Every structure is written in structure tokens, then in C-alpha cells.
Amino acid sequence: MEAPEIIDWGQVAKDQAVLARGYFARFRDAALGGKDHYAAERNLLAEVAKSVPDVADLFKASERLQVDAIRRLSSRARLKQWIHCGPGFPTTAGVQDTHRVVLPSKPLRKVLYVTDHLVIDRHSRALRRPDDAALADQVRVISADIFRPHEIRKHPDIDGWLDWSQPIVLIHGDAWIHYPGTANQAAGIMQRWIDQLVNGSYTISSHLLRPDDEAAAACAEHLEQMIASTPVDTLRFRTRDEIKSLFPKQKMAGFAKGLEHDPAIDPQSGTLLHSWVVSGVGRVTGSVPPSPPPGSVGVAEASEITGYSRYQVIGLAENGLLPSTTGPRGRWQFQPDEIRSIVTGWESMPARGLTPPTALPRRELAPADNNA
């Protein structure tokens, strides 16, 4: 009798969330007039537009607000590091990639794109690059869950590349419009993000504001229900208080010192977009990032102590086999005596007939003394 298959429901839920974000990215691309979508997304957009004619303009307004906020902050010379979470397809019409907005005035800035969608990841690595090849390392792309800030901070591809002790501009764009969780869950994620940033950092995000007007609120609810019955799955309107909860330990820093509406939309035009689409820019003022334990060492020193390569050290830390913390610069930190004792214990296990939890390091032999 075969053993029953063990299903990792946590992984199943994560895969479904990634799939839904892929549908949303293609739907957004169709609304913006891009090319990275299928006929299914175009047909869905046309169907939704029968009830909500402005649905495509919703994404265009969100994009305009986001780029405007990025451009305004890019005028501040001290802001040298930018993280764009969930950037969508780089070939979408009308979209200005973050590095194209912030690098021309300050070429040595760093821009990190984060996505967990395989196709967007590949497109971003191929197309989201500086025009000047000499600045290629100023832009990086990593595959990670944008709602897990600790995983992003510990990602080996940016270990030591970003300086977490300096201000960072964190961009979520319209990621919260599609986030399916509750307002409290979203606020908790942003709180964990802010805990990784230092004061003087900024956050930028766009939102759908649930209107106070009864008729407009009913239309918003109808749009939510229509999207919920499709593979796109989620298009979330939030109250003003729920949106403000996504800016913990921050002061609103936009021109309006609060949630901003798209100035390109005439409030008297009769469209609901003016009241629906808002953007917020927050300046971090109350963050206290954790400090590394005294006497800790980085990946290079841990490699010398244990005999493992640097990438092996990071892999062991990610899998919980080597205890570690993250320092204020985003680098892995280890207690030397602790990791030395652990690896020494692993190396003694074969002699006792035990199997180590991982392959043992290949320690180089000391060179022979030819004068002996």
C-alpha cells in the first residue's frame, strides 16, 4: 500500500496567489494598452467596461500618480536607493520604469525590482536595464514575495548591495489594489516593511478609495464583485482609515500632505475615477531598525570559520541550519563561536555513525613545508 501523498497546503495557497497576481498583471497590461496579455484579458476588460466604462482609466490614473510621486522624490539627492515591489511588465505602453525616472539625474542610484512572477522576472532582467552599460549594476531584479520583507532583505543577490542603514524609497505601486487580505493583514505587512527601514525613508503606493457617496460606493462594490468572479480575483477598495493604516510610523509627505487625487482628472467631469484613485507618499519618522548582536561576523568571515563557500553559508542560514540575524546594512550576521561549534559537531557525526544534516565543508589542506 502506497503512503498517502502529503499536500503542502501553504505552498498551494502561495502558488495560487502568484497565479492570481499573474492574471492581474496581464489585466493591468491590457488596460494600459500593452502587449503582454492574452485575448482572455482583453475580453474581460471589454466585459467589465460595459458596466464600468472608466475601468481602463483607473490603472492609467494609478500609473500617473505613481510616476509623479517618484519624479518628485527623485529631485532629492540624498535618496539613493529605490525598491519597486510588483512593477508589472516592463513593455506595457505608457509605463515609465522607475530606473528611467530616477537614474538620469543621479546615475549612481540603485534601483531594485522585486517580483515573484516568472515571466515578469525574465522580462525585467532582459529589459529593465540602464541605457549606459557601465551602470548595469545600478539596477537589479530579484524573485521574491513582495509581502515578505524579511525574505527580501536577506536575499543573497542583494546582500551588501543595498545599504539598509541609509534611506530607501519603497514603492508598492498598485500592489495593494490587488492584495486579497484584510486591512489588518495589509497594515501588518507594511509595519514589517517599515521595521526594515530607517527614518528618512519614503513609501509610495496607489489605492482605490471607497467613496462616501452611496451611489458611487454601490458602483465600487459592483466592480469588486465582477472582478471577484474572474481569474483576476481581487480589486480592493478600502476606506480612508484603512489606507492610512498602510502608512505606519510615517508622516504623509505629498504636496497635499495626505492622500492625493490625480490632477489630470477634472473633478467636474462626472467620472468616478477622481474620487476612486488616490496615491500616498509617506516619510518614515518612527522606525527603530534592530542592531546586530555585538561580536557578530558577516558572510565572508563565517565562510572562513566554517569552511563553506559564501553561497553555502547563506543557504545554510536560509534553511535555519546556521543561526543568523540581519544587520542594519541588510547583511547576514553570525556569532562566530556558535557557528564554529555547530560545524565542529557536524564534522564529528560520521565517526559516531551519524549523518550530518548537510554536506560537510571541504576544508583545504595547509601547503606542505618544502624546507622540512
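Just so it is clear, the model here is predicted, and its values are computed rather than measured.
Other members of the cluster containing Leu108 are Leu135, with ILVMFWY side chains joined at under 4.5 Å, either directly or via other members.
In this view, Thr239 and Asp241, Glu242 satisfy the side chain to side chain contact (heavy atoms under 4.5 Å, CB included) rule, not counting sequence neighbours. Residues meeting the salt bridge (Lys or Arg N to Asp or Glu O under 4.0 Å) test with Arg240, sequence neighbours left out: none. Every residue two or more places apart in sequence or in another chain that forms a salt bridge (Lys or Arg N to Asp or Glu O under 4.0 Å) with Lys249 is listed here: Asp195.
The distance between the ring centers of Phe147 and Trp176 falls below 6.0 angstrom.
The salt bridge (Lys or Arg N to Asp or Glu O under 4.0 Å) contacts involving residues 167-180 comprise Arg28-Asp174, where partners must be two or more places apart or lie in separate chains. Legend: ring pair (Phe, Tyr, Trp, His ring centres under 6.0 Å) pairs involving residues 62-83, not counting sequence neighbours: none detected.
The closest donor-acceptor contact from the side chain of Gln250 to the backbone of Pro248 lies under 3.5 Å. A donor-acceptor pair under 3.5 Å is formed between the side chain of His178 and the backbone N or O of Thr234.
Arg236 has its side chain within reach of Arg238: a pair of non-hydrogen atoms, C-beta onward, lies under 4.5 Å apart. Lys60 places a side-chain heavy atom less than 4.5 Å from the side chain of Leu32.
Cation-pi geometry between Arg26 and Tyr23 is satisfied (NZ or CZ under 6.0 Å from the ring centre, within 45° of the ring normal).
With respect to Arg72 and Glu260, a salt bridge is recorded, a charged nitrogen being found less than 4.0 Å from a carboxylate O.
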